[in-house]
Number of protein chains: 2
Amino acid sequence: MPVRSERTYAISELAREFGVTARALRFYEDKGLLTPLRDGQARVYRGRDRVRLQLILRGKRVGLSLQEIKDILDLYDLGDGQRAQMQVALKKFKARIVALEAQKRDILHAIESLKEGIAFLEGRLAAPASPEGVAAARAFEKEARRRLGEGG
Amino acid sequence: MPVRSERTYAISELAREFGVTARALRFYEDKGLLTPLRDGQARVYRGRDRVRLQLILRGKRVGLSLQEIKDILDLYDLGDGQRAQMQVALKKFKARIVALEAQKRDILHAIESLKEGIAFLEGRLAAPASPEGVAAARAFEKEARRRLGEGG
DNA sequence: AAGTCGCTTGACGTAAACGTCAAGCTTAAG
DNA sequence: CTTAAGCTTGACGTTTACGTCAAGCGACTT
């Protein structure tokens with residue numbers, strides 16, 4: 001099989017593709033999350049970097065800090081000797097999953113709240129100062145209180 | 001019915017209950033997200049503030065900025081006159097729901113990635129440098145590539 | 001040769017979300 | 001009366017994640 005050299009990307013290409021700035025890519029490199037090759041002084045990104053960037057951005061979207069993301073990425077570079085670090089990482093991963101599952105619940109709550117907000121708004125837009133609008137508003141507040149376990 | 005005066009909270013009480021600092025509560029007030037009463041100069045938080053704080057923290061956990069949260073909270077104080085703002089808010093809410101649903105997917109992805117990471121780690125911990133460990137590592141990388149639609 | 005593009009490395013700036021004092025008021029306890 | 005606890009308002013500091021120049025290099029075009 002031929003060693004068909006992998007497709008590579010210039011910094012601006014990769015940036016455009018992922019909707020980030022070149023500055024951000026350099027920043028990630030600075031922080032040790034990306035390690036592109038060099039052609040002279042220009043950075044050359046491979047598929048590997050593209051994969052990593054994808055993971056970085058996904059991590060960011062779920063609220064991980066760059067440092068946390070780096071910890072995760074670094075993990076796969078750990079040698080067989082560092083069992084201690086692996087144990088530590090394992091605990092962190094499990095804790096992170098618990099946190100993410102809580103976050104998932106938060107998101108579902110938020111979506112519900114927003115949908116209630118939409119109902120509230122649409123009610124008021126349909127019939128200004130109408131009983132329905134007021135009712136929707138009261139329902140929303142009541143619901144919020146119920147979730148906090150408060151009296152009406 | 002008696003006007004049984006609602007239970008109130010001192011700043012440190014509310015802070016402790018929600019696991020935030022008093023400074024944070026003052027900060028939220030500064031930004032217009034909370035409006036506690038005053039007893040002399042001391043802040044007095046009511047159930048209303050407690051509800052709002054709950055929404056604030058939940059919003060934060062799903063990645064909303066304080067400004068965005070404020071926009072949402074303010075909405076329920078809009079008069080019947082401001083139909084334009086309500087229309088704007090309605091669009092924002094709907095867009096936000098779409099974003100949150102994307103975020104939910106990200107979280108599910110992240111959880112999966114972490115579980116793969118855990119499998120990877122546990123494999124290596126169980127049998128250092130074993131074929132299984134290597135296999136898990138390769139599987140993980142391959143999976144990441146597959147998601148990006150790349151060739152192996 | 002001169003200009004333009006895209007890239008580079010600093011270096012300084014910035015917004016968000018608080019943390020961390022400092023200095024002073026107030027209220028209950030000793 | 002003074003001490004302590006808990007509150008207040010500034011005001012400055014900090015971290016994260018970049019944005020925004022400035023100045024210069026290298027390749028290509030005109």
Side-chain angles (χ1 to χ4, degrees), chain A residues 7-46 49-50 52-74 96 99 103 106 110, chain B residues 7-46 49-50 52-74 96 99 103 106 110:
Chain A
R7 199 207 145 170
T8 61
Y9 308 80
I11 190 167
S12 62
E13 285 176 333
L14 199 62
R16 206 170 326 121
E17 178 181 348
F18 282 89
V20 299
T21 65
R23 174 69 174 99
L25 296 186
R26 293 195 196 99
F27 186 76
Y28 298 154
E29 180 176 351
D30 225 60
K31 296 294 170 183
L33 283 87
L34 288 178
T35 50
L37 300 176
R38 295 293 177 130
D39 174 15
Q41 69 171 0
R43 290 169 176 80
V44 173
Y45 295 87
R46 295 154 293 168
D49 305 301
R50 205 160 151 268
R52 286 197 152 221
L53 181 54
Q54 165 93 343
L55 293 175
I56 291 169
L57 298 179
R58 182 175 292 162
K60 284 200 55 180
R61 283 197 298 271
V62 304
L64 301 186
S65 70
L66 293 184
Q67 182 57 56
E68 291 171 315
I69 295 170
K70 175 176 161 54
D71 290 346
I72 294 177
L73 292 177
D74 283 355
R96 181 57 68 186
Q103 201 175 336
D106 281 334
Chain B
R7 204 218 139 161
T8 61
Y9 309 79
I11 190 168
S12 62
E13 285 176 334
L14 200 62
R16 206 169 324 123
E17 180 182 346
F18 284 89
V20 299
T21 65
R23 174 68 174 100
L25 296 185
R26 294 197 195 98
F27 185 75
Y28 298 154
E29 180 177 352
D30 224 60
K31 296 295 171 182
L33 282 86
L34 288 177
T35 50
L37 301 176
R38 295 293 177 129
D39 174 15
Q41 68 171 1
R43 289 171 177 80
V44 173
Y45 296 87
R46 296 152 292 170
D49 304 300
R50 204 159 152 271
R52 286 196 152 223
L53 180 54
Q54 165 92 343
L55 293 175
I56 291 169
L57 297 180
R58 183 174 292 163
K60 284 201 56 179
R61 284 195 298 269
V62 304
L64 300 186
S65 71
L66 293 183
Q67 182 56 54
E68 290 171 316
I69 296 170
K70 176 176 159 55
D71 290 346
I72 293 176
L73 292 176
D74 284 357
R96 182 57 69 185
Q103 201 175 336
D106 282 333

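Residue numbers start from 1 in every chain, and the chains themselves are labelled A, B, ... in the order their sequence lines are given, proteins ahead of strands.
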Quick check on [N]: is either OP1 or OP2 less than 4.0 Å from any side-chain nitrogen or oxygen of [X]?
| X | N | value |
| --- | --- | --- |
| B/Tyr28 | C/dC18 | yes |
| B/Arg43 | D/dT8 | yes |
| A/Thr21 | D/dC18 | no |
| B/Arg38 | D/dT9 | yes |

Atom [atom1] of [X] to atom [atom2] of [N]: distance rounded to whole Å?
| X | N | atom1 | atom2 | answer |
| --- | --- | --- | --- | --- |
| B/Leu33 | C/dA17 | CG | C1' | 12 Å |
| B/Asp30 | D/dC12 | CG | P | 15 Å |
| A/Asp39 | D/dG26 | CG | P | 12 Å |
| A/Phe18 | D/dA17 | CZ | P | 19 Å |
| B/Glu29 | D/dG10 | CD | C1' | 14 Å |
| B/Phe27 | D/dG10 | CZ | P | 16 Å |
| A/Leu57 | D/dA17 | CG | C1' | 13 Å |
| A/Leu64 | D/dA17 | CG | C1' | 14 Å |

Quick check: on DNA chain C, is the nucleotide nearest B/Ala22 upstream (toward 5') of the one nearest B/Lys31, or the reverse? Name the residue that is more 5'.
B/Lys31
Spell out yes or no: do the side chain of B/Arg26 and the base of D/dT9 have one donor N/O and one acceptor N/O closer than 3.5 Å?
no
Give the intermediate values and the outcome of side-chain contact (heavy atoms from CB on, under 4.5 Å) for residues B/Leu55 and B/Ile72.
CA-CA 10 Å; B/Leu55 293 175; B/Ile72 293 176; over 6 Å; no
From the list [options], which nucleotide is the closest neighbour of the side chain of [X]?
| X | options | answer |
| --- | --- | --- |
| B/Ser65 | C/dG19, D/dG24, C/dA17 | C/dA17 |
| B/Ile11 | C/dC7, D/dC7, D/dT9 | D/dC7 |
| A/Arg23 | C/dC7, C/dA11, C/dG19 | C/dA11 |
| B/Gln41 | C/dT8, C/dG24, C/dG6 | C/dG24 |
| B/Ala10 | D/dG24, C/dT20, D/dC7 | D/dC7 |

Would you check, one step at a time, whether the test salt bridge (Lys or Arg N to Asp or Glu O under 4.0 Å) holds for A/Arg38 with A/Glu29?
CA-CA 13 Å; A/Arg38 295 293 177 130; A/Glu29 180 176 351; 3.3 Å; yes
So, do B/Asp49 and B/Tyr28 sit near enough that their side-chain heavy atoms are less than 4.5 Å apart?
no
Ignoring hydrogens and angles, tell me if any N or O in the side chain of B/Arg52 forms a donor-acceptor pair with the backbone of B/Leu33 under 3.5 Å.
yes
How far apart are the closest heavy atoms of B/Arg58 and A/Ala110, and which atoms are they?
CD-N, 4.5 Å
5'-most by nearest nucleotide on DNA chain D - A/Leu66 or B/Ala42
B/Ala42
